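These numbers were taken from a predicted model, which means no experiment stands behind them. Whatever order the structure lists ligands and atoms in, that order sets their numbers, starting from 1.
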Amino acid sequence: MAKHLLTLRDLSKEEIMGLIQRALEIKSGGGQASDRLKGKTLGLIFDKPSTRTRVSFEVAMFRLGGSTLYLGRADTQMSRNEPAKDTARVLSRYLDALAIRTFGQALVKEMARWSAIPVINALTDQYHPCQVLSDLMTVVEKKNGLDGLKIAWIGDGNNVARSWINAAGILGLELVLACPPGYHPGKGLVQWAGGNVKVVEDPKEAARGAHVINTDVWASMGQEEEKEERIKIFQPYQVDQSLVELADPAVIVMHCLPAHRGEEITEEVLEGPKSVVFDQAENKMHLHQALLEMLLAK
Ligand code: CP
Ligand code: NVA
């Protein structure tokens with residue numbers, strides 16, 4: 001059976017740490033992993049836009065000697081209701097792996113159920129596991145490890161936040177999320193993660209003494225109609241200089257990008273000395289090479 005990455009819970013602690021180590025090794029070796037995926041093809045079914053995830057997966061596959069096929073929302077017969085179970089079985093005959101960015105997690109689950117090749121969740125409304133893998137790599141790179149760190153999440157309890165909760169549960173990280181009422185991540189997930197994950201409503205409580213501050217947009221893709229309302233609700237959760245000053249003096253500020261300056265983060269913080277957002281973006285390419293090697297190299 002093919003190994004899938006639908007959420008981080010598909011990986012063990014050892015696999016996550018192994019991916020991070022391999023990605024750091026690839027990066028320090030000049031960014032070229034191997035040509036171990038020569039002759040293999042990664043398909044990318046993307047129902048939502050993407051700059052980083054798409055380009056970094058495509059370049060990762062090229063660097064491994066393989067090729068990619070980008071299938072946008074209107075490009076396949078899925079746009080005319082061909083069932084996922086048929087699409088998955090057909091694409092399994094042509095491709096070696098499939099990365100999917102879509103709305104509901106149910107679609108990636110259904111594709112994986114019928115697919116003979118690995119299915120990678122490249123973002124759904126519920127989870128963004130690849131993002132958090134490369135974010136963990138960035139934390140290890142900047143902080144020399146994960147032990148003893150307080151990680152803060154400020155803002156929406158969204159797909160990226162939920163993947164951070166998964167990571168915290170698997171790796172035993174201290175994670176404090178500050179989210180407005182009504183925008184918490186699911187209670188069940190937080191309970192599963194254990195006592196090291198806490199959800200609060202005061203952003204200062206999360207930021208105080210933090211070694212890592214994470215934030216993300218207030219309205220994710222698919223929530224455009226809620227944008228104005230969310231801007232009002234989330235205002236107290238803006239990551240600004242005064243919030244960063246409550247953190248550990250060596251704090252790093254992370255954002256998966258794209259960022260909305262003046263909303264979830266100020267220009268001053270995003271462009272400031274604590275921000276690691278462009279290293280974070282670069283690391284997606286290294287981590288995706290490590291992930292594709294793990295899933296596909298024989
Ligand atoms: N961080 C991230 O997933 O960015 P894209 O939407 O550009 O892929
Ligand atoms: N939470 C954001 C992440 C974008 C990479 C979204 O889903 O739009």
[X] versus [Y], closest heavy-atom pair with distance:
| X | Y | answer |
| --- | --- | --- |
| Leu296 | Leu37 | CB-CD2, 3.7 Å |
| Gln235 | Ile231 | OE1-O, 3.1 Å |
| Asp10 | His4 | CB-O, 3.4 Å |

Considering only non-hydrogen protein atoms, determine which one is nearest to [atom] and report residue, atom name and distance to 0.1 Å.
| atom | value |
| --- | --- |
| atom 4 (C) of ligand 2 | Leu123 CD1, 3.9 Å |
| atom 7 (O) of ligand 2 | Asn159 ND2, 2.8 Å |
| atom 8 (O) of ligand 2 | Met221 N, 2.8 Å |
| atom 3 (C) of ligand 2 | Asp216 OD2, 3.6 Å |

Checklist entry - Taking the six-membered ring of Phe46, is the NZ or CZ of Arg54 close enough (under 6.0 Å from the centre) and on axis enough (within 45°)? => result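 Arg54 over Phe46 ring: no.
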Checklist entry - Tell me, which residues have any heavy atom less than 4.0 Å from some atom of ligand 1? => result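 Protein residues near ligand 1 are Ser50, Thr51, Arg52, Thr53, Arg101, His128, Gln131, Cys256, Leu257, Lys284.
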Checklist entry - Are the side chain of Lys150 and the backbone N or O of Ala206 linked by a donor-acceptor pair below 3.5 Å? => result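 Yes; judged by distance alone, with no hydrogens or angles, the pair exists.
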Are side-chain heavy atoms of [X] and [Y] found at a separation under 4.5 Å?
| X | Y | answer |
| --- | --- | --- |
| Asn196 | Leu175 | no |
| Tyr237 | Asp202 | no |
| Thr215 | Trp153 | no |
| Thr76 | Leu91 | no |

Next on the checklist: For Leu257, state whether at least one heavy atom is located under 4.0 Å from any atom of ligand 2.
Outcome noted: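 Checking ligand 2 against Leu257, which is what was asked, there is a heavy-atom contact under 4.0 Å.
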Checklist entry - Below 3.5 angstrom, do we get any N/O pair linking Ser220 and ligand 2? => result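 By distance alone, the answer is yes.
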Checklist entry - Relative to ligand 2, is Asp125 under 4.0 angstrom through side chain, backbone, both or neither, heavy atoms considered? => result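 For Asp125, there is no contact with ligand 2 at all, from either part.
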